[in-house]
Protein chains: 2
Amino acid sequence: MPDRTASAPNEADRFARAREKQAVALLEDYVELIGDLIAEAGEARVADIAHRMGVAQPTATKTVGRLKREGLATARPYRGVFLTEAGAALANRVRARHRTVVALLKAVGVPEATAELDAEGIEHHVSEKTLAAFEAFLKDRQA
Amino acid sequence: MPDRTASAPNEADRFARAREKQAVALLEDYVELIGDLIAEAGEARVADIAHRMGVAQPTATKTVGRLKREGLATARPYRGVFLTEAGAALANRVRARHRTVVALLKAVGVPEATAELDAEGIEHHVSEKTLAAFEAFLKDRQA
DNA sequence: AAGGCAGTATAGCACAGGCTATATTCCGCG
DNA sequence: CGCGGAATATAGCCTGTGCTATACTGCCTT
């Protein structure tokens with residue numbers, strides 16, 4: 001019986017939430033990268049994914065397998081990797097969020113290079129509400 | 001032969017960095033929590049750690065073991081857990097960073113509850129440089 | 001003082017995400 | 001056409017972080 005369903009989350013809940021976010025972070029990165037590769041080169045090859053992610057090729061293969069299991073990507077053996085509709089939608093959301101996070105960091109005075117670096121880790125923990133606040137802040141500021 | 005030691009990190013480097021951050025994030029959380037428990041109750045028991053982290057007790061025991069291996073904590077079997085000097089210093093840094101991240105999120109318009117939630121994941125990816133920028137921004141703003 | 005319960009540790013499992021080494025497949029070129 | 005190298009997949013290992021089930025300690029209470 002959940003005794004705090006609608007109230008403020010306690011510490012344990014916050015940690016649990018952060019753990020969940022972390023679990024999907026990698027999938028988000030892969031999906032975004034695959035989308036980029038398809039846009040850039042017309043196709044996403046496992047070797048390119050591995051290279052851009054900075055991991056060994058079998059690691060990329062294994063993770064692509066996980067993307068398939070999660071319904072985010074499709075792939076025929078020895079051929080390229082493609083995004084499902086869900087995968088493409090996720091890629092777009094992730095890309096937009098990434099841009100917003102970088103923009104916000106820069107807006108509060110973080111140097112561009114550092115903003116890009118830190119955004120890679122931060123973005124996965126930015127909720128819809130926080131993202132909306134970021135966008136509002138940026139809009140205000142440029143007005 | 002590193003060919004980009006001093007230049008802008010490429011995509012693979014950014015991902016590698018994010019992966020490293022993630023690896024220490026849990027240790028940071030444990031150390032901070034142990035510090036809190038000692039401050040609040042005079043001691044940090046494994047059962048309390050597990051409860052506050054939202055994990056099962058053996059998971060807490062295992063992670064405390066890792067903290068010991070990393071030189072951040074000490075513990076005598078069936079007794080409480082204590083922080084080493086390094087652990088206590090880390091706890092203080094983490095706590096300060098957490099406060100700053102929450103304050104920045106609120107300053108750009110994120111609701112308090114959401115700020116607390118998201119900060120839990122975000123803070124581990126905030127570099128020294130970004131933290132400094134956050135502090136400068138907050139100082140400016142309150143002036 | 002002894003027994004029992006609460007707290008802690010250990011054992012052993014699963015899964016994710018790394019890795020290297022090796023097998024398999026594809027495809028272009030001779 | 002077939003062969004060889006490049007790309008991909010598979011096998012098998014390690015570590016980290018969860019879990020449940022079970023063993024062990026320590027301490028309070030009777």
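Naming: A, B, ... by sequence-line order, numbering from 1 per chain.
Note: CG (A:L26) to P (D:dT17) measures 15 Å, nearest angstrom. When the C1' atom of D:dT17 is taken as reference, atom CG of B:L27 falls 11 Å away, rounded to whole Å. Separating the CD atom of A:E28 from the P atom of C:dA16 is a distance of 17 Å, rounded to the nearest angstrom. Rounded to whole Å, atom P of C:dG7 lies 18 Å from atom CZ of B:R76. As rounded to whole Å, 21 Å separates atom P of D:dT17 from atom NZ of A:K21. With rounding to whole Å, B:M53 atom CE is found 11 Å from D:dT17 atom C1'.
Distances shorter than 4.0 Å separate some side-chain N or O of B:R79 from OP1 or OP2 on D:dC27. Side-chain nitrogen and oxygen atoms of B:T61 include none within less than 4.0 Å of the OP1 or OP2 phosphate oxygen of C:dT8.
Within 3.5 Å, no donor on the side chain of B:K62 pairs with an acceptor on the base of D:dG16, nor the reverse. Contact of B:Q57 with C:dA9 (side chain to base): a donor-acceptor pair of N or O atoms is detected under 3.5 Å.
Evaluated for a side chain to side chain contact (heavy atoms under 4.5 Å, CB included) with A:I49, the options A:T59, A:V81, A:T61, A:V55 yield exactly one hit, A:V81. Of the listed residues (A:L37, A:D36, A:I34), just one forms a side chain to side chain contact (heavy atoms under 4.5 Å, CB included) with A:D48, and that residue is A:L37.
Closest to the side chain of A:R69, from the set C:dA16, C:dA9, C:dC19, is C:dA16. Picking from C:dG17, D:dT20, C:dC19 the nucleotide with the shortest atom distance to the side chain of A:T59 gives C:dC19. When the nucleotides D:dG26, C:dC19, C:dA16 are ranked by their closest atom to the side chain of B:Y78, D:dG26 comes out on top. Comparing C:dG18, C:dA16, C:dT8 against the side chain of B:R45 picks out C:dT8 as the nearest.
Here the side chains of A:K129 and B:L117 are not in contact, with every heavy-atom distance at 4.5 Å or above. B:V24 places none of its side-chain heavy atoms less than 4.5 Å from the side chain of B:H124.
Closest-nucleotide positions on DNA chain D for B:A23 and B:P58 were compared, and the one nearer the 5' end corresponds to B:A23. Looking at which nucleotide of DNA chain C each of A:R66 and A:P77 is closest to, the 5′-most match is held by A:R66.
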